[in-house]
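Scroll down for the structure; my scribbles are underneath it.
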Amino acid sequence: MVSPDVITDRSDPAVQRIADVTKHSRSVVRTVLIEDAEPLVECIRAGLEFIEVYGVETAPVPGEVLAACRQRDIPVRLVGAPIMNDLFKTDKKPKAFGIARVPRPWSFDELARTTGDIVVLDGVKIVGNIGAIVRTSFALGAGGIVLVDSDLTTIADRRLVRASRGYVFSLPIVLASRADAIDHFRRTGVPLIAFDTEGDLAVGDLRDADEQLGLLLGSEKTGTSSSFESIASHTVSIPINPAAESLNVSVCAGIALYERSHWNLVDRRRAPQPPQAPQPPRASRPAAGRGAGRPSRPAFPGRRSR
């Protein structure tokens with residue numbers, strides 16, 4: 001096997017490319033830095049378009065990264081230690097990393113093609129929580145995620161890529177205004193289930209819904225907004241020790257998705273690929289008789305009394 005070339009010249013175009021992508025503030029984000037072996041491999045599998053993948057001269061490139069790059073014909077080079085020190089300075093220096101082009105954002109029309117549950121995060125702003133929910137959503141087969149009022153301008157945010165371990169590109173994630181998200185659920189008729197401490201359903205009742213659901217979670221401080229609650233079909237609560245103030249939102253999402261895993265993991269096999277080119281819009285499912293009102297109420301045949 002031929003050893004990768006080593007970048008030792010600071011005038012190499014790759015050095016400037018890496019320096020640009022590591023800047024903390026960029027007005028236009030066209031490329032993204034993917035760090036460490038597991039996120040690299042996952043992003044390659046997800047179909048992200050890589051310009052190059054890099055290792056460090058003083059450490060071998062992980063075998064699983066090399067194998068994934070060979071399969072997709074992605075060039076691999078090593079970076080000399082002095083250049084690595086200049087590029088990352090006080091930041092953690094990854095042993096392997098890559099520069100990829102940011103894919104076109106997902107649209108609601110593309111999200112509507114999925115049949116797994118949609119996780120809606122209303123006002124959740126802590127990137128670590130969002131990343132954990134992304135990772136759990138992918139692992140437990142959710143169809144996609146809608147981020148409302150998250151303060152993120154792109155899913156290629158370096159913090160989110162890190163927090164999700166690279167899974168942020170592995171399922172549809174739509175950044176949306178609250179009005180557009182509400183309009184989507186009204187148009188498609190997907191029942192929206194809001195999580196609330198005084199819910200009319202227990203979280204275990206979610207197992208009984210034999211259809212796609214929207215799982216609405218708000219921030220720990222403010223909860224879900226009244227405009228979303230007005231179109232929710234049901235509210236759901238998770239029983240906890242009354243002495244505890246609340247559960248972390250990522251924990252709530254994990255519990256909800258576990259209860260729905262029997263539905264979603266079957267659907268996971270039909271997950272769409274990342275958008276690369278414009279696709280024809282899909283006709284929305286009619287919400288007959290509902291107009292601008294609530295989506296349909298899912299049937300919970302096995303609902304237990306509370």
Side-chain angles (χ1 to χ4, degrees), residues 39 42-43 45-47 103 105-124 126-148 150 152 155 160-161 163-176 181-182 184-185 188-195 201 203-219 224 228 232-234 236 238 247-275 282 285 295 298 300:
E42 179 53 38
C43 288
R45 288 174 179 165
W106 291 93
S107 69
F108 274 119
D109 284 329
E110 290 160 331
L111 187 66
R113 295 188 180 95
T114 68
T115 53
D117 291 342
I118 306 301
V119 177
V120 183
L121 302 183
D122 181 19
V124 177
I126 298 176
V127 177
N129 285 337
I130 298 173
I133 292 170
V134 168
R135 190 175 180 183
T136 301
S137 296
F138 177 76
L140 294 180
I145 297 175
V146 178
L147 298 180
V148 174
S150 66
L152 292 170
I155 65 167
L160 183 56
V161 175
S164 70
R165 300 298 293 158
Y167 288 94
V168 71
F169 302 109
S170 299
L171 74 170
I173 299 177
V174 176
L175 298 176
I182 289 172
H184 169 75
F185 284 97
T188 60
V190 174
L192 197 61
I193 310 297
F195 282 73
L201 297 176
V203 68
D205 294 328
L206 295 177
R207 302 173 202 162
D208 301 325
D210 191 24
E211 61 180 312
Q212 182 184 32
L213 301 177
L215 305 175
L216 173 65
L217 298 110
S219 70
T224 53
F228 262 127
S233 300
H234 287 287
V236 171
I238 298 173
L247 290 174
N248 179 276
V249 65
S250 67
V251 173
C252 292
I255 292 171
L257 289 167
Y258 174 77
E259 296 291 357
R260 294 289 296 160
S261 59
H262 68 288
W263 169 274
N264 288 318
L265 286 176
V266 171
D267 176 73
R268 179 70 189 90
R269 293 172 298 180
R270 300 192 295 276
Q273 294 299 306
R282 172 187 183 272
R285 283 177 283 181
F300 291 92

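We use all heavy atoms of the structure for the numbers below, so side chains are in, but hydrogens, waters and symmetry mates are not.
The two atoms that bring Gly166 and Glu42 nearest to each other are O-CG, 4.1 Å, heavy atoms only. Across Pro105 and Glu110, no two heavy atoms sit closer than the pair O-OE1, 4.1 Å. Annotation for Phe185 and Val190: closest pair CD2-O, 3.6 Å, computed over non-hydrogen atoms. The minimum heavy-atom distance linking Leu213 with Leu206 is given by the pair CD1-CD2, 4.2 Å. Here the closest heavy-atom approach between residue Leu111 and residue Gly143 is recorded as CD1-O, 4.5 Å. In plain terms, the two heavy atoms of Ala181 and Val148 that are nearest each other are CB-CG2, 3.9 Å.
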Exercise for the section: Show the numbers, then the answer: is there a side-chain contact (heavy atoms from CB on, under 4.5 Å) between Ile130 and Leu152? Expected result: CA-CA 10 Å; Ile130 298 173; Leu152 292 170; 4.1 Å; yes
Practice task
Report the C-alpha distance between Ile118 and Leu192 in whole Å, list the side-chain angles of each, state the deciding distance to 0.1 Å, and finish with yes or no for side-chain contact (heavy atoms from CB on, under 4.5 Å).
Solution key: CA-CA 9 Å; Ile118 306 301; Leu192 197 61; over 6 Å; no
Exercise for the section: Take Val146 and Phe108 through the test side-chain contact (heavy atoms from CB on, under 4.5 Å) and record every step on the way to the result. Expected result: CA-CA 9 Å; Val146 178; Phe108 274 119; 3.9 Å; yes
Exercise for the section: Step by step, work out the side-chain contact (heavy atoms from CB on, under 4.5 Å) result for Val124 and Leu217. Expected result: CA-CA 8 Å; Val124 177; Leu217 298 110; 5.5 Å; no
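Taking Arg165 as the reference, Asp36, Glu38, Pro39, Arg135, Tyr167 meet the side-chain contact (heavy atoms from CB on, under 4.5 Å) condition, with sequence neighbours excluded. Evaluation of the ring pair (Phe, Tyr, Trp, His ring centres under 6.0 Å) rule for Phe228 yields no partner, not counting sequence neighbours. Applying the side-chain hydrogen bond (donor to acceptor under 3.5 Å, both in side chains) criterion to Ser219, with sequence neighbours excluded, gives Thr222. Scored by the side-chain hydrogen bond (donor to acceptor under 3.5 Å, both in side chains) test, Ser261 finds no partners at all (sequence neighbours excluded). Under the side-chain hydrogen bond (donor to acceptor under 3.5 Å, both in side chains) criterion, Thr136 pairs with no residue, sequence neighbours left out. Every side-chain contact (heavy atoms from CB on, under 4.5 Å) that Ser250 has, sequence neighbours left out, goes to Asn129, Ala132, Ile133, Asn248.
The NE2 atom of His262 lies 7.5 Å from the CG atom of Asp208; values are rounded to the nearest 0.5 Å. Between the CG atom in Leu147 and the CG atom in Leu160 there is a gap of 7.5 Å [rounded to 0.5 Å]. Taking OG from Ser107 and NE2 from His184, the interatomic distance works out to 9.5 Å, rounded to the nearest 0.5 Å. Taken to the nearest 0.5 Å, the CZ atom of Phe169 stands 5.5 Å off from the CD1 atom of Ile155. The distance from atom CG of Leu265 to atom CG of Leu140, rounded to the nearest 0.5 Å, is 6.0 Å. Atom CG of Leu215 and atom OG of Ser137 lie 8.5 Å apart (nearest 0.5 Å).
Within the 3.5 Å criterion, the main-chain N or O of Asp117 finds a donor-acceptor partner in the side chain of Asn264.
Heavy atoms from other residues, nucleotides or ligands lying under 6.0 Å from CD1 of Ile255 number more than 12.
When side chains are defined from C-beta on, Ser150 does not count as touching Leu121, because their heavy atoms never get closer than 4.5 Å. The shortest distance between side-chain heavy atoms of Val134 and Leu171 falls below 4.5 Å.
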